[in-house]
Protein chains: 2
Amino acid sequence: MRKAFHEQLESVFDDLAGICQSVETAVRLATEALLTGDAEIAEQVISADADIDKAREKVEETAFSILSLQQPVAGDLRVVVAALRMVSELERMGDLSVHVAKIARLRVPHVAVPEEIRPTLARMGDVAEDMVARVAQIIKGRDVEAAIELGRADEIMDQLRRRSFTQLFSDEWTHGIEAAVDLALLGRYYERIADHAVSVANRVVYVVTGDFPART
Amino acid sequence: MRKAFHEQLESVFDDLAGICQSVETAVRLATEALLTGDAEIAEQVISADADIDKAREKVEETAFSILSLQQPVAGDLRVVVAALRMVSELERMGDLSVHVAKIARLRVPHVAVPEEIRPTLARMGDVAEDMVARVAQIIKGRDVEAAIELGRADEIMDQLRRRSFTQLFSDEWTHGIEAAVDLALLGRYYERIADHAVSVANRVVYVVTGDFPART
């Protein structure tokens with residue numbers, strides 16, 4: 001019974017890591033579509049989201065089957081519920097990448113982000129992509145150290161968002177309202193992707209240690 | 001055993017309805033703070049959020065205790081997991097109200113929203129508050145009809161958000177970048193509150209019927 005439980009749980013975590021890699025691709029391509037104004041790449045992100053949804057359903061079904069058939073209690077039960085929460089957050093990160101791709105698509109043949117803001121946006125995209133890639137490794141390796149480290153990357157994201165606001169609100173902003181609104185929403189989407197990445201990593205810490213990392 | 005299960009589940013749903021009422025207050029006060037620039041009301045929303053978090057923890061503990069001690073299977077198991085998801089969404093709706101309150105606070109002694117946009121924002125706040133109030137009733141009465149109805153209110157929210165964008169992007173916008181960015185983010189926050197309200201209502205449909213409402 002316990003062996004079956006742990007094997008099934010292992011397969012759930014493999015699936016979670018797989019979904020995380022799909023999300024990483026979505027974040028990378030959405031940023032690329034955004035910075036190049038490439039409608040095809042944006043469409044690719046939007047249509048690939050259905051696969052993430054399907055993979056989420058599979059994880060949910062397996063988790064329900066574990067709960068029904070193995071009837072885990074105490075710590076084991078909480079691990080399975082943690083997996084259910086992780087998969088919801090990963091799906092949400094996919095949705096947020098779709099939001100980024102849709103802003104890119106909306107502005108084609110133009111590029112939504114004014115030229116001098118692109119470095120900031122490119123950094124946001126890189127940080128988000130890197131965080132998601134690290135979460136995949138954290139899930140695979142149940143890596144508590146790396147999960148705690150991830151909070152630092154999130155601070156960089158917060159700094160980038162503040163920088164984007166400084167650029168937006170400076171007297172030198174000459175790109176009008178539409179680009180300002182796009183940038184504000186894009187900053188919000190990347191920030192939320194980073195928040196969810198930290199939250200998923202924290203759940204891995206919980207799965208391994210039975211406790212969430214202390215908030216710093 | 002089954003009797004204990006249903007009694008405990010009943011108390012979870014009572015708690016969910018109670019949290020929903022706290023969220024309704026948060027949405028109402030956040031909108032009031034926003035439209036009047038009242039820092040005290042904004043602070044009230046921000047500090048009351050801790051109570052919502054505490055109430056969420058209580059629901060989670062009860063749900064875990066039901067899962068551990070009653071070991072529900074099949075439909076019963078899915079109902080308990082649905083309750084866990086509902087409480088996460090309600091907490092998130094509280095967080096979004098805090099985001100609204102923080103924009104209000106940031107602009108004190110001014111009012112974040114320019115005068116001619118206030119009617120649109122006031123409508124968004126009303127629609128969101130009404131949706132949350134209806135979700136509390138839907139949870140209390142396990143009201144499938146009302147849950148399905150809620151989708152219509154969500155369409156009104158989407159229309160309001162589109163209207164706010166039309167106002168933002170018109171040539172008559174004279175309120176500068178900061179107010180535009182505030183309005184874009186506020187629209188996003190209210191839209192997310194409405195999305196979560198619909199999602200919680202759909203979970204009630206699932207709890208009662210074993211199925212989610214068809215997407216229309």
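Order of the sequence lines sets the chain letters (A, B, ...), proteins ahead of strands, with each chain counted from 1.
- Contacts of residues 46-61 of chain B with chain A at a heavy-atom distance below 4.5 Å involve B/Glu60, B/Glu61, listed in sequence order.
- With a 4.5 angstrom heavy-atom cutoff, B/Ala74 touches chain A only via backbone atoms.
- The line from OG of A/Ser199 to OH of A/Tyr206 is 13.0 Å long, rounded to the nearest 0.5 Å.
- Listed by chain and number, the residues in a side chain to side chain donor-acceptor pair (under 3.5 Å) with B/Asn202 amount to none (sequence neighbours excluded).
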I'd like to know whether A/Asp76 forms a side chain to side chain contact (heavy atoms under 4.5 Å, CB included) with A/Phe5, so could you lay out the CA-CA distance, the side-chain angles of the two residues, the decisive distance to 0.1 Å, and finally the verdict.
CA-CA 9 Å; A/Asp76 287 347; A/Phe5 173 77; 3.4 Å; yes

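- Looking at A/Gln167 and A/Thr120, their side chains do bring a donor and an acceptor atom within 3.5 Å of each other.
- A/Ser11 places a side-chain N or O within 3.5 Å of a backbone atom of A/Gln8 that can act as its donor or acceptor partner.
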Tabulate below the donor-acceptor pairs under 3.5 Å that side-chain atoms of residues 95-104 of chain B make, not counting sequence neighbours, or state none.
| from | atom 1 | to | atom 2 | distance (Å) |
| --- | --- | --- | --- | --- |
| B/Asp95 | OD2 | B/Arg92 | NH1 | 3.3 |
| B/Ser97 | OG | B/Met93 | O | 3.0 |

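- Here A/Phe64 is the residue among A/Phe64, A/Phe165, A/Trp173 with the most heavy-atom pairs under 4.5 Å with chain B.
- Within residues 175-191 of chain B, the residues having any heavy atom closer than 4.5 Å to a heavy atom of chain A are B/Gly176, B/Ile177, B/Glu178, B/Ala180, B/Val181, B/Ala184, B/Leu185, B/Arg188, B/Tyr189, listed by residue number.
- The closest donor-acceptor contact from the side chain of A/Arg78 to the backbone of A/Val207 lies at 3.5 Å or more, if one exists at all.
- In terms of heavy atoms, A/Val80 sits closest to A/Pro72 at CG2-CG, 4.3 Å.
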List the steps, then state whether salt bridge (charged side-chain N to carboxylate O under 4.0 Å, His left out) holds for A/Lys3 with A/Glu7.
CA-CA 6 Å; A/Lys3 197 180 158 215; A/Glu7 273 169 13; 3.6 Å; yes

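- Ion pairing between a basic and an acidic side chain is recognised when a charged N comes within 4.0 Å of a carboxylate O; B/Asp195 and B/Arg192 show such pairing.
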